[in-house]
Number of protein chains: 2
Amino acid sequence: MNIILLHPDEVRSSSVILHDRRAEHIRKILGAKEGDRLRVGIIDGPMGSALVLGLSRHEVRLRVNCQDAPPVKIGTDLILALPRPIMLKRVLAQAAAMGVGRIMLINARRVEKSFFQASLLQPDRIQTALLQGLEQAMDTRLPVVSIHPRFRPFVEDQLPAIAVAYPLRLLGHPPAAAGSKLTSQAITGLHAPAHAHVTAKRQLLAVGPEGGWVDFEVERFRQQGFNLFSPGPRILRVDTAVAVLLALAEAGHHQGHQG
Amino acid sequence: MNIILLHPDEVRSSSVILHDRRAEHIRKILGAKEGDRLRVGIIDGPMGSALVLGLSRHEVRLRVNCQDAPPVKIGTDLILALPRPIMLKRVLAQAAAMGVGRIMLINARRVEKSFFQASLLQPDRIQTALLQGLEQAMDTRLPVVSIHPRFRPFVEDQLPAIAVAYPLRLLGHPPAAAGSKLTSQAITGLHAPAHAHVTAKRQLLAVGPEGGWVDFEVERFRQQGFNLFSPGPRILRVDTAVAVLLALAEAGHHQGHQG
């Protein structure tokens with residue numbers, strides 16, 4: 001927790017009293033004393049510092065002064081085939097930490113139907129996962145998360161209107177079908193993104209399920225102007241793939257601005 | 001598990017009988033039947049396929065044919081300030097999946113001493129974590145892992161001889177001291193790696209502990225030719241930072257070869 005995040009309605013006349021895990025963090029991990037200053041932020045608002053007015057075993061009282069803008073989000077937003085809950089939790093926190101502003105969780109052939117019934121998809125549980133990432137990365141603004149349980153209505157009806165905001169569209173695609181049972185599918189070895197020197201403001205990156213997108217899905221994304229984008233010949237776990245693809249997309253993006 | 005990995009001494013006259021989690025994976029996850037072919041590899045040896053000769057509730061019998069070279073390792077090796085065990089397990093698997101060939105686990109001021117007593121540091125536990133990564137990424141070669149419980153002997157006595165093999169040396173360094181208690185340390189915002197257009201064969205990337213390297217440590221690494229390297233202004237968790245920094249280092253590396 002590199003910043004203490006406060007809900008806007010917790011703060012009254014610049015003061016806040018904490019009782020929960022944040023209070024425990026301030027006392028036990030930070031070992032804060034009266035008069036110390038802590039880094040704090042208002043969720044979806046400004047960030048700044050707080051003066052510790054008092055601590056007890058039951059509560060921590062702070063006076064809050066938040067006037068700084070939170071860090072800018074990165075230029076890449078994320079479409080993610082819904083992963084299993086434990087992986088989703090990790091990817092949400094990680095994407096929030098990396099500065100993704102919008103996350104669309106979608107269905108795909110190789111997504112297990114039960115994943116859409118996961119309790120983690122309740123808004124408060126999603127927010128908890130996102131806050132962990134923001135606390136790590138010192139940001140206040142929650143990514144906007146939407147859930148799309150049907151692939152075709154998303155890709156055919158919603159995506160065209162969404163995609164216009166993103167000049168660059170990247171389809172993360174594993175180099176081979178996953179699973180150690182051999183199939184007839186060729187093992188391809190895609191490398192550096194073809195767009196690396198294109199100037200662009202915003203990018204939309206679609207990351208598939210563990211087994212990859214099926215051909216039908218790849219075709220639909222390609223029709224919407226998505227280009228295949230792979231970090232190399234290795235099949236990575238979804239959380240690793242998201243971190244790697246976001247980093248490479250952002251690096252290409254920055255090169256675009258320089259070139 | 002995208003490849004079934006076999007220990008060399010399990011295979012006798014091209015045959016192997018499995019009883020453990022690999023047998024369960026073959027039956028339950030892959031749903032394999034007699035006559036199916038599976039992707040297999042010999043640990044630290046070649047990879048290829050195996051014919052399922054027979055399955056029962058207790059065992060899976062395979063005939064193995066491994067003649068293909070495993071994928072090449074990436075050009076970046078890793079020095080890692082020892083993280084907490086649960087994180088170490090994840091980073092070892094992830095680094096193995098990404099193709100890191102050598103991992104040096106070292107001490108640093110902000111590494112908790114107890115981490116060096118973790119049972120995860122036993123060779124068989126480390127190997128188990130690495131194998132998970134190799135099974136994910138379809139590789140057979142275990143990264144070489146070494147443990148260095150004292151910072152100064154490592155950096156002063158061992159590192160000079162190690163570093164000569166790496167023309168590029170990168171010091172992963174978070175942009176600000178972690179922890180929401182404010183310090184006087186300035187929040188810097190380092191960006192793209194300065195070496196992005198240097199041609200080089202091998203890179204050595206040193207990733208610090210959660211709270212970052214202390215000044216003394218940064219100084220010692222700089223004396224050994226390490227340059228500061230950060231993915232941007234956000235403080236990332238160690239597992240995310242390793243994935244992002246490796247991806248960016250490799251991307252710079254590949255640009256070097258192209259340029």
Side-chain angles (χ1 to χ4, degrees), chain A residues 1-4 25-26 29-32 36-40 49 71-72 74 90 93-94 97-99 132-133 135-139 174-182 187 189 191-193 196 231-237 239-248 250-252 254-255 258, chain B residues 1-4 25-26 29-32 36-40 49 71-72 74 90 93-94 97-99 132-133 135-139 174-182 187 189 191-193 196 231-237 239-248 250-252 254-255 258:
Chain A
M1 210 186 283
N2 293 314
I3 187 169
I4 311 285
H25 180 84
I26 291 167
I29 309 290
L30 300 179
D36 278 351
R37 288 201 163 272
L38 310 176
R39 188 184 287 126
V40 299
S49 66
V72 292
I74 58 172
R90 206 176 285 166
Q94 190 179 48
M98 290 185 74
Q132 277 182 17
E135 289 166 352
Q136 167 70 37
M138 300 197 294
D139 192 357
S180 42
K181 191 166 168 182
L182 287 170
I187 296 174
H191 274 278
R234 290 168 179 272
I235 300 179
L236 302 175
R237 235 172 48 177
D239 51 349
T240 310
V242 166
V244 164
L245 290 171
L246 278 175
L248 292 178
E250 280 295 300
H254 291 147
Q255 280 161 26
Q258 286 162 16
Chain B
M1 208 185 286
N2 293 315
I3 187 169
I4 311 287
H25 180 83
I26 291 168
I29 309 290
L30 299 179
D36 279 349
R37 287 200 164 272
L38 310 176
R39 190 184 283 125
V40 299
S49 66
V72 292
I74 59 173
R90 206 175 287 167
Q94 191 179 48
M98 291 185 74
Q132 277 181 17
E135 288 167 351
Q136 167 69 38
M138 301 197 294
D139 192 357
S180 42
K181 192 164 168 185
L182 287 169
I187 297 175
H191 275 276
R234 290 168 179 272
I235 300 179
L236 302 175
R237 233 173 48 177
D239 51 349
T240 310
V242 166
V244 164
L245 291 171
L246 278 176
L248 292 177
E250 281 294 301
H254 291 147
Q255 281 159 28
Q258 285 161 20

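Naming convention: chains lettered A, B, ... in sequence-line order (proteins, then strands); numbering from 1 in each chain. A quick note: this is a predicted structure, and the numbers were derived from the prediction, not measured. Hydrogens, waters and symmetry mates are skipped; everything else that's a heavy atom, side chains included, is used.
Summarising the geometry of A:A97 relative to B:R234, their closest heavy-atom pair is O-CD, 3.1 Å, with the distance given to 0.1 Å. Across all their heavy atoms, B:L248 and A:A247 have their closest contact at CD2-O, 3.6 Å.
Going from atom CG of B:L236 over to atom CG of A:N2 covers 10.0 Å, rounded to the nearest 0.5 Å.
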Exercise answer: donor-acceptor pairs, residues 239-246 of chain A side-chain atoms, under 3.5 Å, sequence neighbours excluded:
from	atom 1	to	atom 2	distance (Å)
A:D239	OD1	A:R237	NE	3.1
A:D239	OD1	A:R237	NH2	3.4
A:D239	OD2	A:R90	NH1	3.3
A:D239	OD2	A:R237	NH2	2.7
A:T240	OG1	B:Q94	NE2	3.3

